[in-house]
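Chain A is the first sequence line, chain B the second, and so forth, proteins listed ahead of strands; every chain is numbered from 1.
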2 protein chains.
Amino acid sequence: MGSIGEEIKQKEFANEYSKLLINVLYTASWLNGLQSSVFKEHKLTPQQYNSLRILRGQYPEAASVNLLKDRMIDKMSNVSRIIDKLKAKELVTRKPCKHDRRQVDIKITDKGLMLLEVIDEQMVDWEKNLHTISVKEAAATNALLDKWRS
Amino acid sequence: MGSIGEEIKQKEFANEYSKLLINVLYTASWLNGLQSSVFKEHKLTPQQYNSLRILRGQYPEAASVNLLKDRMIDKMSNVSRIIDKLKAKELVTRKPCKHDRRQVDIKITDKGLMLLEVIDEQMVDWEKNLHTISVKEAAATNALLDKWRS
DNA sequence: TACAAATGTATGTTTTTACACTAAGTGTAG
DNA sequence: CTACACTTAGTGTAAAAACATACATTTGTA
């Protein structure tokens, strides 16, 4: 039950590598769908959530647009506009950097931190959906994916 | 070294499951970026490519919009509009289904089949980038991801 | 100092996605 | 046959992504 071949009704793959390619893309789409349903009630996109998380990681320091871009899951994102959205919701502040006037200092607000706390709680429950494999198996998958990308 | 922690400069994860969540999303984004560079020269999006592949799988039969939607990697896609784009490039045809007039018969054209052949050749080379793990390891990862989603 | 190259961020434009909604066709129970 | 629920595909609209390009600032160098 639930093999990638059954999910997308594709009986054969050329080899395990192209199967893995599809499997990772499919699993990511599956995860995104699940996650989005959590974010939706807070009117956040996955990218906005990702940015907020990174900014919390820096807190109380500020982050530049480039730092954010480097750490984003999706490197193709347009960070400036994601920050625009978050700023409009007062979840972050954006002010010129003193040391380098090209840069901007982006910082998560208290409102942003509180929102993340609320989402954190929901995510703890939500993540239980992911406990279908053992911790050891999850660690093994992590190691394999890391090796695959190298 | 390319562990997910280093890639996105996140030192700690709550547990192996949330690490795996990030790892799969990150790996998918990485794959999408790599793939897009292949598709781009043919002016195809990953979704359009995915649709063409499915249609080739059905060939010489036609497919309905729903069949396509079911088999797409990304279930959220708006198939009607993807087909619009492919039809504009004459890669598929779309005609009313005789047996059920709600449905449409979508079929890949010779031009579409030829395009896929060209891309296939490029993909064979491209996929060698993915041979950083053994076939056994790839199969193990596939099995773990399948189990994780179940 | 002057000036070209590099860097950091923002913006314009086009394409794609997300989501809700519409319209047409089918199947079925009464 | 008719009414009604359901299926199938397409569309309108707002939001977001993709991609190239512009602009100000900083850096390196002659």
Interatomic spacing from CG in Leu116(B) to CD1 in Ile108(B) - rounded to 0.5 Å: 4.5 Å

Side-chain H-bond candidate by donor/acceptor type, Asn15(B) with Ser18(B), under 3.5 Å: yes

Note, Ser64(A) side chain near Cys97(A) side chain (heavy atom, < 4.5 Å): no

Ring pair (Phe, Tyr, Trp, His ring centres under 6.0 Å) against His42(B), all qualifying residues, sequence neighbours excluded: none

Under-4.0 Å side-chain N/O to phosphate OP1/OP2 contact, Lys85(B) with dT16(C): yes

Atom-to-atom span, CZ of Arg101(B) to P of dG27(C) - whole angstrom: 11 Å

Range on DNA chain D touched by chain A - first to last nucleotide, heavy-atom distance under 4.0 Å: dA16(D) to dT26(D)

Donor-acceptor pair, side chain of Trp126(A) and main chain of Val38(A), under 3.5 angstrom: no

Close residues, residues 33-61 of chain A, relative to DNA chain D [heavy-atom separation under 4.0 Å]: Thr45(A), Gln47(A), Gln48(A)

Side chain to side chain donor-acceptor pair (under 3.5 Å) contacts in which one or both residues fall within residues 70-79 of chain A, not counting sequence neighbours: Gln47(A)-Asp74(A), Gln47(A)-Ser77(A), Gln58(A)-Arg71(A)

Mutual orientation of the aromatic rings belonging to Trp148(B) and Trp30(A) [parallel < 30°, tilted 30-60°, perpendicular > 60°]: perpendicular

Residues Asp84(A), Arg94(A): salt bridge by 4.0 Å N-O rule: yes

Where at least one partner belongs to residues 131-150 of chain A, residue pairs that pass salt bridge (Lys or Arg N to Asp or Glu O under 4.0 Å), sequence neighbours excluded: Glu137(A)-Lys147(B), Asp146(A)-Arg149(A), Lys147(A)-Glu137(B)

Trace of the side-chain hydrogen bond (donor to acceptor under 3.5 Å, both in side chains) decision for Gln48(A) with Lys89(A): CA-CA 11 Å; Gln48(A) 288 171 3; Lys89(A) 296 175 201 166; 2.9 Å; yes

Reading 5' to 3' through nucleotides 6-13 of chain C, protein heavy-atom contacts under 4.0 Å coded B for base, S for sugar-phosphate only, - for none: -BSSBBBB

